[in-house]
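Take a look at the structure set out below.
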Amino acid sequence: MAVIGTGLIGTSVALAATAQGVSVYLSDRNRAAARIAAALGAGRAEDPPVPVDLAVLAVPPSRIAEVLIEAQARGLARAYTDVASVKAGPERAVLARAPEPSRYVGGHPLAGRERSGPLAARAELFRGRPWALTPHRLTSRAALDRGLELAELCGAAPVVMRGREHDEVVALTSHVPHLLASVMAARLRDGPAGVPLLAGQGLRDVTRIAAGDPLLWSDILRSNAAAMAGVVKELRADLAQVAAALDVLAEDGDGDYGQGVRTLEDLLARGVAGLAGLPRPGAGPPVAEAGLRILVPDRPGELARLLGAVAALGIAVDDVAVEAAEESGLRVRVPVPTADAERIGAKLGADGWNRAPAESMPAG
């Protein structure tokens, strides 16, 4: 395998591949970066002696086509993929200009860190994370298979989708969040003097990703500007409503105070509902779930005992919810994969827990 570009993602791919016994050849416009990656054990900083099975283009979106054209011109590999976070633009350029577009499949591992460069790389960076693959109309089955093998080699969960769909999704889930983190972090420069003294974890959570490489992120945001623009306009409408509500509330009794409160409560409730549709970190793609309803006797310590039994079965205790409080006790919902519902239900039953019949529910 060959990896072109030895920053955080390229070096992490190379480390994951070498850990699985794959021979990896590294290159980068910055020769020092390739040598650092090689020193970390990511491969050899040299050209392969013969064409490799797969070349991974770990360069910014705007450079995918030019790097692919150069690599194909010298016969570097039998198949090519990339790890850029924008897909539609590079795909159009490849179809228009690359000599062998059928050998290319777009790729994007949904993983990263706030740090950049080869020293930030980790072999386990992609473990359990989605890895989008975006075959275009000319992508060969062999190229797609190489992309799927790479994702699985890195411990990721492959997700096949169209390039335009991918860009619309990541605009909402990645690119606009990074932009908002940067906007919020930029406000800190002009904040009150006490900001460093009272900066808590909430602020750090919101702004952490703003520490990314500005040049790389400028390339990403430019490349996905069309998909991002719609999301930003919707956010602007939401923020305008919030600003108006805060103005009303700050007037201390003037205006429609109740409407201002309702606007804020509605936004906060929609935020909670939006998060409910996301899988837990590291959980991989959503799976169909069933809800086991467990009746917990009204005695001290019984709920804690149930949570202990649930944790022992490998179920996340944070996802257990109390649905109702009845005279006889609590009705608790335990979400489990549908495929395991009967086995887990039988195990809990054998431990003395009474339950209602399992109820199917959507994934997430």
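In the hydrophobic clustering, Leu215 connects to no other residue, as no ILVMFWY side-chain heavy atoms lie under 4.5 Å from its own. Clustering of Ile, Leu, Val, Met, Phe, Trp and Tyr by side-chain heavy atoms under 4.5 Å joins Ile4 with Leu57, Val59, Ile64, Val67, Leu68, Leu76, Tyr80, Val94, Tyr104. Think of Leu110 as one node in a network of Ile, Leu, Val, Met, Phe, Trp and Tyr side chains linked at under 4.5 Å; its network also takes in Val170.
Counted by atom type alone, Thr134 and His108 present zero donor-acceptor pairs between their side chains at under 3.5 Å.
Listed by chain and residue number, Glu302 satisfy the salt bridge (Lys or Arg N to Asp or Glu O under 4.0 Å) test with Arg299 (two or more places apart in sequence, or in another chain). Residues passing the salt bridge (Lys or Arg N to Asp or Glu O under 4.0 Å) test with Glu168: none are found, sequence neighbours excluded. Among residues two or more places apart in sequence or in another chain, the side-chain hydrogen bond (donor to acceptor under 3.5 Å, both in side chains) test is passed with Glu152 by none. Annotation: side-chain hydrogen bond (donor to acceptor under 3.5 Å, both in side chains) contacts of Arg262 (sequence neighbours excluded): Gln259. Taking the side-chain hydrogen bond (donor to acceptor under 3.5 Å, both in side chains) definition, one finds that Glu70 meets it with Arg74, sequence neighbours left out. Residues forming a salt bridge (Lys or Arg N to Asp or Glu O under 4.0 Å) with Glu124 (at least two apart in sequence, or on another chain): none. For Asp28, the side-chain hydrogen bond (donor to acceptor under 3.5 Å, both in side chains) partners two or more places apart in sequence, or in a different chain, are Thr6.
Contact check for Leu95 versus Leu138: side-chain heavy atoms found under the 4.5 Å cut-off. Put simply, the side chain of Leu133 does not reach to within 4.5 Å of the side chain of Val159, judged on heavy atoms. Under the 4.5 Å side-chain criterion, counting only non-hydrogen atoms from C-beta, His166 is not in contact with Glu91. At least one side-chain heavy atom of Leu313 sits less than 4.5 Å from a side-chain heavy atom of Lys347. With a 4.5 Å cut-off on side-chain heavy atoms, Ile220 and His175 count as touching.
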Could you go through residues 185-207 and list every donor-acceptor pair under 3.5 Å that involves a side-chain atom there, pairing it with any protein atom two or more places apart or in another chain?
unit_1	atom_1	unit_2	atom_2	d
Gln201	NE2	Asp205	OD1	2.9
Thr207	OG1	Leu203	O	2.8

Tell me which donor-acceptor pairs under 3.5 Å the side chains of residues 34-56 have, and how far apart each pair is, sequence neighbours excluded?
unit_1	atom_1	unit_2	atom_2	d
Asp53	OD1	Arg78	NE	3.2
Asp53	OD1	Arg78	NH2	2.8

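The distance from the CZ atom of Arg164 to the CG atom of Asp167 is 8.0 Å, given to the nearest 0.5 Å. Interatomic distance, OG of Ser223 versus CE of Met228, reported as 10.5 Å (0.5 Å rounding).
Between Trp217 and His178, the angle of the ring planes stays under 30°, which puts this pair in the parallel group of the 30/60° scheme.
With Ile9 as reference, Leu125 is the one residue of Leu216, Asp82, Leu125 to meet the side-chain contact (heavy atoms from CB on, under 4.5 Å) rule.
Looking at Thr11, its side chain never comes within 3.5 Å of a backbone N or O of Leu8 through a donor-acceptor pair.
A salt bridge between Asp219 and Arg222 is present, with a side-chain N of the basic residue lying under 4.0 Å from a carboxylate O of the acidic one.
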